[in-house]
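Here's the structure, in structure tokens; my notes come after.
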Amino acid sequence: MANPSLGADGARFLADVVLTCDEVFAVFDRGAVDVGADGRIAWVGAAAEAPATDAPVISLGGLLMPGLVNAHAHTPMTLVRGAGDGLPLMAWLTEVMWPREGRLSPSDVWWGMTLGSVEMLRSGVTTTCEMYAFEHEVIDAGRQAGIRQVMCPGVLSVAHLDDSGGVAERVAEIAQVHDEHNDPLGRVTIGFAPHSAYDLGVGPCAEIAAAARERDALLHIHVAETADEGDALADKHGGASVPRLLADAGALEGRVLAAHSVWLDDADLDIYASTDVAVAHCPVSNMKLGSGVARVPEMIERGITVALATDGPASNDDLDLWEEIKISSLLARVTALDPTLMSAQQVISMATRSGGEALGLDVGVLAPGRWADMIRLDIDDVAFVPVTSPQELIAHVAWSGGSRHVTDVWVGGERVVAGRVCLTVDEARARYEVQHRAQRLAQESGT
């Protein structure tokens with residue numbers, strides 16, 4: 001069926017600047033992007049060289065670029081945003097987060113995902129990789145909001161390990177969700193998400209990984225977020241690191257996206273490189289929780305795909321990926337005392353093209369055949385002055401640009417944000433629902 005935002009011939013979008021984020025980082029002054037009725041890009045280039053078309057022409061002005069890709073989020077945690085501030089990770093989880101989350105209802109999660117989707121779409125995030133429970137509500141809320149999502153239903157020991165340590169029932173549930181909802185030609189794909197090896201153990205993680213491989217689905221897992229989370233496993237297995245244990249168990253053989261991956265040594269990085277594990281880098285969350293600084297420049301040097309992510313809105317505390325773009329580079333530079341690390345082009349790519357690669361989706365690049373997930377930036381702003389070369393413009397996007405410059409957003413060619421207003425969600429209702437439900441959760445949990 002034709003996209004409701006596009007005519008039978010699709011549409012041509014004209015902009016003052018088109019930033020493709022492709023391999024050569026092509027920039028077109030007075031550029032054009034042709035989008036077919038199927039929501040995919042048919043042609044990109046300078047408007048003066050565009051082929052003849054019968055499609056309607058939409059003159060946007062500003063800068064048109066790919067939508068941002070949030071490679072690791074727990075978006076329904078908008079319901080617990082700000083709770084437990086100042087606690088270390090394990091205390092934050094066990095004393096505040098899990099007690100409140102244990103009282104969530106399906107409708108709570110639906111509204112939490114809805115409000116978070118508004119926040120992401122308005123800031124230019126068009127794709128999100130979600131690790132959470134209540135997967136049916138997360139999928140439905142995301143669909144109604146119009147955001148593209150990779151939904152990875154979570155597996156936690158407290159909820160899914162039985163007396164024998166098995167996770168078969170939960171794996172079967174996720175497999176059914178995959179079979180019902182996985183739609184590579186639509187806006188929802190389904191992965192599998194064991195929380196972590198320290199929570200579940202290596203065996204259950206390997207069991208879940210095998211189920212993911214059977215369906216060529218993404219395996220999404222937390223790895224090495226904090227310095228000591230793997231100590232008990234290391235003591236039990238002769239000092240082996242979590243990446244080593246997962247690799248030896250066969251858990252890294254399929255499509256794997258490892259969140260955080262802060263505390264990795266050279267051997268661990270080599271394991272990632274040899275098994276094509278991608279990393280969801282969450283610098284703001286890692287800084288807020290005092291978790292450490294991931295070795296991103298070394299990852300990139302080894303050819304590891306590194307995407308950017310916000311983590312959840314309770315450990316960040318927002319879903320604004322523009323912060324990650326700037327801070328990821330600055331953090332790497334100040335840690336290494338090297339201002340040459342992680343260029344503007346690299347960090348923008350991490351938020352766009354690399355995110356698509358990590359998730360296995362045709363997003364993050366304005367190029368023929370890709371989904372027309374696009375955002376318009378208002379560059380008639382002091383933050384974008386002066387521009388004397390394409391490289392300066394790219395630098396402004398990375399260092400000066402932000403969510404405040406995003407005016408319009410399209411997912412698959414369908415406009416979901418116009419004039420900074422989300423068209424798909426009643427934002428006032430969503431704010432009200434999350435506020436009142438969050439108050440209930442706080443009172444019931446006593447935290």
Side-chain angles (χ1 to χ4, degrees), residues 13-35 39-47 60 62-71 120-121 123-129 148 278-281 296 300 303-310 320-326 328-329 342-379 384 387 389-403 405-413:
F13 296 84
L14 302 179
D16 294 335
V17 179
V18 172
L19 179 62
T20 64
C21 297
D22 62 7
E23 292 287 347
V24 298
F25 231 73
V27 179
F28 297 103
D29 287 329
R30 291 174 292 281
V33 178
D34 288 354
V35 179
R40 290 185 182 267
I41 296 170
W43 187 88
V44 180
L60 301 170
L63 181 147
L64 196 62
M65 65 178 287
L68 307 185
V69 179
N70 191 352
M120 284 190 285
L121 288 170
S123 68
V125 172
T126 52
T127 298
T128 181
C129 181
R148 192 179 303 281
V279 172
H281 177 42
V296 173
I300 294 173
I304 297 169
T305 298
V306 182
L308 288 180
T310 60
D320 186 349
L321 204 71
W322 291 97
E323 291 184 351
E324 316 297 330
I325 290 173
K326 184 169 185 175
S328 61
S329 179
M342 291 178 65
S343 68
Q345 183 171 316
Q346 278 185 311
V347 293
I348 295 170
S349 295
M350 288 164 63
T352 54
R353 186 176 70 249
S354 294
E357 292 172 356
L359 299 179
L361 299 177
D362 291 333
V363 299
V365 179
L366 299 186
R370 304 279 186 143
W371 288 112
D373 294 3
M374 310 181 296
I375 60 177
R376 178 193 181 271
L377 304 186
D378 176 11
I379 55 176
F384 286 88
V387 175
S389 69
Q391 287 306 118
E392 281 188 358
L393 178 63
I394 292 168
H396 295 340
V397 172
W399 313 132
S400 306
S403 56
H405 297 117
V406 177
T407 64
D408 300 84
V409 178
W410 296 261
V411 179

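- Here the side chains of Asp22 and Leu366 are not in contact, with every heavy-atom distance at 4.5 Å or above.
- Distance check: Met120 CE to Thr128 OG1 gives 4.0 Å after rounding to the nearest 0.5 Å.
- Under the salt bridge (Lys or Arg N to Asp or Glu O under 4.0 Å) criterion, Asp320 pairs with no residue, sequence neighbours left out.
- The line from CD1 of Ile325 to CE of Met342 is 10.5 Å long, rounded to the nearest 0.5 Å.
- Of all the heavy atoms in Ser123 and Val406, the pair that sits closest is O-CG2, 3.6 Å.
- Looking at residues two or more places apart in sequence or on another chain, you find no side-chain hydrogen bond (donor to acceptor under 3.5 Å, both in side chains) involving Asp378.
- Scored by the side-chain hydrogen bond (donor to acceptor under 3.5 Å, both in side chains) test, Thr127 finds no partners at all (sequence neighbours excluded).
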Under 3.5 Å, side-chain donor or acceptor atoms of residues 354-365 against the rest of the protein: list the pairs with distances, not counting sequence neighbours.
from, atom 1, to, atom 2, distance (Å)
Asp362, OD2, Arg40, NH1, 3.3

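- Evaluation of the side-chain hydrogen bond (donor to acceptor under 3.5 Å, both in side chains) rule for Thr310 yields Asn70 as partners, not counting sequence neighbours.
- Closest approach of Thr352 and Gly67 over heavy atoms only: CG2-O, 4.0 Å.
- Taking CG from Leu308 and NZ from Lys326, the interatomic distance works out to 14.5 Å, rounded to the nearest 0.5 Å.
- Using a 4.5 Å cut-off on side-chain heavy atoms (C-beta onward), Ile304 and Val296 make no contact.
- Residues satisfying the side-chain hydrogen bond (donor to acceptor under 3.5 Å, both in side chains) test with Gln391, not counting sequence neighbours, are none.
- For the pair Ile375/Met65, a side-chain contact is recorded, criterion being any heavy-atom separation below 4.5 Å from C-beta on.
- At least one side-chain heavy atom of Val17 sits under 4.5 Å from a side-chain heavy atom of Ile379.
- The list of side-chain hydrogen bond (donor to acceptor under 3.5 Å, both in side chains) pairs with a residue in residues 367-377, not counting sequence neighbours, reads Arg148-Asp373, Arg376-Thr407.
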Return all side-chain donor-acceptor pairs below 3.5 angstrom for residues 25-32, not counting sequence neighbours, or 'none' if the list is empty.
none

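- In this structure, NE2 in His396 is found 11.5 Å from CG in Leu63, a value given to the nearest 0.5 Å.
- Contact annotation: the side chain of Phe384 approaches that of His405 to within less than 4.5 Å [non-hydrogen atoms, C-beta and beyond].
- Here Ala15 pairs with Val18, Leu64 under the side-chain contact (heavy atoms from CB on, under 4.5 Å) rule; sequence neighbours left out.
- Annotation: side chain of Leu60 is not in contact with side chain of Asp408 (no heavy-atom distance under 4.5 Å).
- Atom CD1 of Ile41 sits about 6.5 Å away from atom CE of Met374, to the nearest 0.5 Å.
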Set out, in order, the CA-CA distance, both residues' side-chain angles and the distance that settles side-chain contact (heavy atoms from CB on, under 4.5 Å) for Asp34 and Val44, then state yes or no.
CA-CA 6 Å; Asp34 288 354; Val44 180; over 6 Å; no
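- Here OG of Ser328 is found 9.5 Å from CD of Gln346. Values are rounded to the nearest 0.5 Å.
- Between Val347 and Trp399, the closest side-chain pair of non-hydrogen atoms falls below 4.5 Å.
- In terms of the salt bridge (Lys or Arg N to Asp or Glu O under 4.0 Å) criterion, Asp16 has no residue partners (sequence neighbours excluded).
- Of the possible polar contacts, none joining the Trp43 side chain to the Pro368 backbone as a donor-acceptor pair under 3.5 Å is found.
- Side-chain atoms of Thr126 and Trp410, non-hydrogen and from C-beta on, never get closer than 4.5 Å to each other.
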